[in-house]
Amino acid sequence: MSYITVKRNGKKRAVNLDKKKRSYIPTKVLKAADLKKIHIHGLSLAGYTLDLADGLRKKALEKAVTKYGKGDTMAELSLLRTKYQGNERMERVIDSDIAYVATGKFEEA
């Protein structure tokens, strides 16, 4: 979006509003349709799936943490947690994986 200003000498100039610097970036609210489309690329590239056994998920999480860092891995796991909210089995698995990444203790209750 842009608007036109007129300088003192009479020349017109277009000012682009999109190039304005923002001090913050507003967060996007996830809707139900967005949740269905969530695909966690970093975790899937590391070999992580929720249906794997505990040992294989642990190896995939270690690989993801070394490749992408602890913060990005935790962010992707929290998106998965949001996606599977309401499914008790998946919530337990994801909570266990979040606890493993955060503390290093891997256990599923």
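Residues: numbered from 1 along the sequence shown.
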Considering only heavy atoms from C-beta outward, does the side chain of [X] approach that of [Y] to under 4.5 Å?
X: Leu61; Y: Leu77; answer: yes
X: Tyr48; Y: Leu80; answer: yes
X: Val65; Y: Asp72; answer: no
X: Tyr68; Y: Leu45; answer: yes
X: Leu56; Y: Thr49; answer: no

In Å and rounded to the nearest 0.5 Å, what is the CE to OG distance from Met74 to Ser78? 8.0 Å
Just verifying a value: how many Å separate Thr73 OG1 and Asp97 CG, rounded to the nearest 0.5 Å? 11.0 Å
Any ion pair linking Asp54 and Arg57 (charged N to carboxylate O, less than 4.0 Å)? yes
Looking only at heavy atoms, the pair that brings Leu50 and Ile94 closest together is CD2-CG1, 3.6 Å
Which of Gln85, Lys83, Arg89 passes side chain to side chain contact (heavy atoms under 4.5 Å, CB included) with Asn87? It is Arg89
Main-chain N/O of Arg81 paired to Glu91 side chain as donor or acceptor, under 3.5 Å: no
Mind checking side-chain contact (heavy atoms from CB on, under 4.5 Å) for Asp51 and listing every partner two or more places apart, or none if nothing turns up? Met90
Which residues pass the side-chain contact (heavy atoms from CB on, under 4.5 Å) test with Ala46, sequence neighbours left out? Lys63, Ala64
Hits for side chain to side chain donor-acceptor pair (under 3.5 Å) against Glu62, two or more places apart or cross-chain, chain-then-number order -> Tyr100
